[in-house]
Amino acid sequence: MPSKIELYEQVLEQIRSVVVDETDMIANMANTVAILQSTFGFWWTGFYRVQGEQLVLGPFQGPVACTRIRKGKGVCGTAWEKKETLIVSDVHKFKGHIACSSESNSEIVVPMIRNAEVEAVLDIDSREFGCFDTTDKLYLEKVVDIIANNTK
Ligand code: SME
């Protein structure tokens, strides 16, 4: 069975190949989510895009999710405000966590930064506790960079 690193290397290649000839951000986010979901089978994978002072739900796969998150709110809004990736091994212990689904137990949120501004966040939820580590952070930051560097 391939290691997580091997899977992420394959994921990066797949994402680069679908993103290279497409500059539309929504299209690239949609395919990126599909690639991550089909590889890892997370509970919920999706993007929220910055629109003014809110994050608005973008392409995702998984259960219905909340549509708008204010800056500084929840894990997503905090990652946006801090401009840094947040790994939460137990979401029930994160003050202000927004529970879109009661099934979610751990989460990683990776900001997509362009010209020093957060334009979107990639949010992944798992039913397992402690699902995400620094390997996920390393590769998911590469994933959002691919989108940031190839889209309008
Ligand atoms: N749990 C997130 C909200 C988004 S859903 O998980 C899809 C948060 O606290 O920001």
Side-chain angles (χ1 to χ4, degrees), residues 4-5 7-8 10-12 14-15 18-19 22 24-151:
K4 184 153 85 170
I5 289 175
L7 289 173
Y8 268 119
Q10 289 170 19
V11 157
L12 286 184
Q14 275 183 293
I15 292 173
V18 297
V19 160
E22 179 54 67
D24 185 86
M25 192 188 286
I26 299 280
N28 286 334
M29 286 176 166
N31 271 333
T32 294
V33 167
I35 290 166
L36 288 169
Q37 274 303 83
S38 60
T39 304
F40 294 109
F42 297 122
W43 177 245
W44 194 94
T45 300
F47 285 91
Y48 282 90
R49 293 188 307 140
V50 171
Q51 297 196 358
E53 285 305 299
Q54 293 183 324
L55 290 168
V56 180
L57 185 62
F60 75 97
Q61 291 195 7
V64 168
C66 50
T67 53
R68 288 173 188 268
I69 299 171
R70 274 182 291 136
K71 197 171 193 175
K73 299 291 172 192
V75 185
C76 291
T78 306
W80 173 21
E81 192 170 60
K82 291 188 166 175
K83 295 188 178 177
E84 64 184 39
T85 297
L86 291 185
I87 295 172
V88 181
S89 55
D90 180 349
V91 295
H92 312 288
K93 292 185 179 151
F94 187 95
K95 200 169 169 280
H97 170 251
I98 302 162
C100 290
S101 158
S102 57
E103 302 272 336
S104 170
N105 287 316
S106 66
E107 179 165 0
I108 185 167
V109 179
V110 183
M112 189 183 98
I113 298 171
R114 189 153 50 177
N115 303 323
E117 292 298 321
V118 177
E119 288 193 14
V121 301
L122 171 60
D123 178 17
I124 305 182
D125 290 12
S126 172
R127 292 164 95 176
E128 285 169 42
F129 288 95
C131 181
F132 306 102
D133 59 21
T134 50
T135 300
D136 299 281
K137 175 179 187 293
L138 178 80
Y139 279 97
L140 294 171
E141 286 176 355
K142 290 178 198 264
V143 164
V144 295
D145 276 349
I146 293 172
I147 298 178
N149 292 328
N150 286 281
T151 56

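Numbering of ligands and ligand atoms starts at 1, following listing order. A quick note: this is a predicted structure, and the numbers were derived from the prediction, not measured.
- Between the side chains of E107 and S126, not a single donor N or O lies within less than 3.5 Å of an accepting N or O.
- At a 4.0 Å heavy-atom cut-off, ligand 1 touches W44 through the side chain alone.
- The 12-atom threshold is not exceeded at NZ of K73, counting heavy atoms of other residues, nucleotides or ligands nearer than 6.0 Å.
- For atom 2 (C) of ligand 1, the nearest protein heavy atom (residue, atom name, distance) is E107 OE2, 3.1 Å.
- Contacts of D123 with ligand 1, taken as heavy-atom pairs under 4.0 Å, involve the side chain alone.
- Residue-ligand proximity, G74 to ligand 1, at heavy-atom distances under 4.0 Å covers atoms 9 (O), 10 (O).
- Looking at atom 5 (S) of ligand 1, its nearest protein heavy atom turns out to be C100 SG, 3.1 Å.
- When each of F132, W43, F60 is paired with I124, the side chain to side chain contact (heavy atoms under 4.5 Å, CB included) condition holds for F132 and for no other.
- Dense packing is recorded around CZ of R114, with more than 12 heavy atoms of other residues, nucleotides or ligands lying under 6.0 Å away.
- Enclosure of atom NZ in K82 is not indicated, since only 12 or fewer non-hydrogen atoms of other residues, nucleotides or ligands lie within 6.0 angstrom.
- Heavy-atom proximity to V75, at under 4.0 Å, picks out these atoms of ligand 1: 8 (C), 9 (O), 10 (O).
- Of the heavy atoms in I98, both backbone and side-chain atoms come closer than 4.0 Å to ligand 1.
- Each of L122, D125, D123 was scored for a side chain to side chain contact (heavy atoms under 4.5 Å, CB included) with T45, with one residue passing: L122.
- The aromatic rings of Y8 and Y139 lie parallel to each other, with less than 30° between the two planes, well short of the 60° mark.
- Contacts between C76 and ligand 1 below 4.0 angstrom, taking non-hydrogen atoms only, involve backbone and side chain alike.
- Under 4.0 angstrom from ligand 1, the non-hydrogen atoms of Y48 all belong to its side chain.
- Shown in contact with H97 at under 4.0 Å from a heavy atom are these atoms of ligand 1, numbered in order with element: 1 (N), 9 (O).
- When D136, T135, T39 are each tested for a side chain to side chain donor-acceptor pair (under 3.5 Å) with K4, only one passes: D136.
- Each of the following atoms of ligand 1 lies closer than 4.0 Å to a heavy atom of D125: 5 (S), 6 (O).
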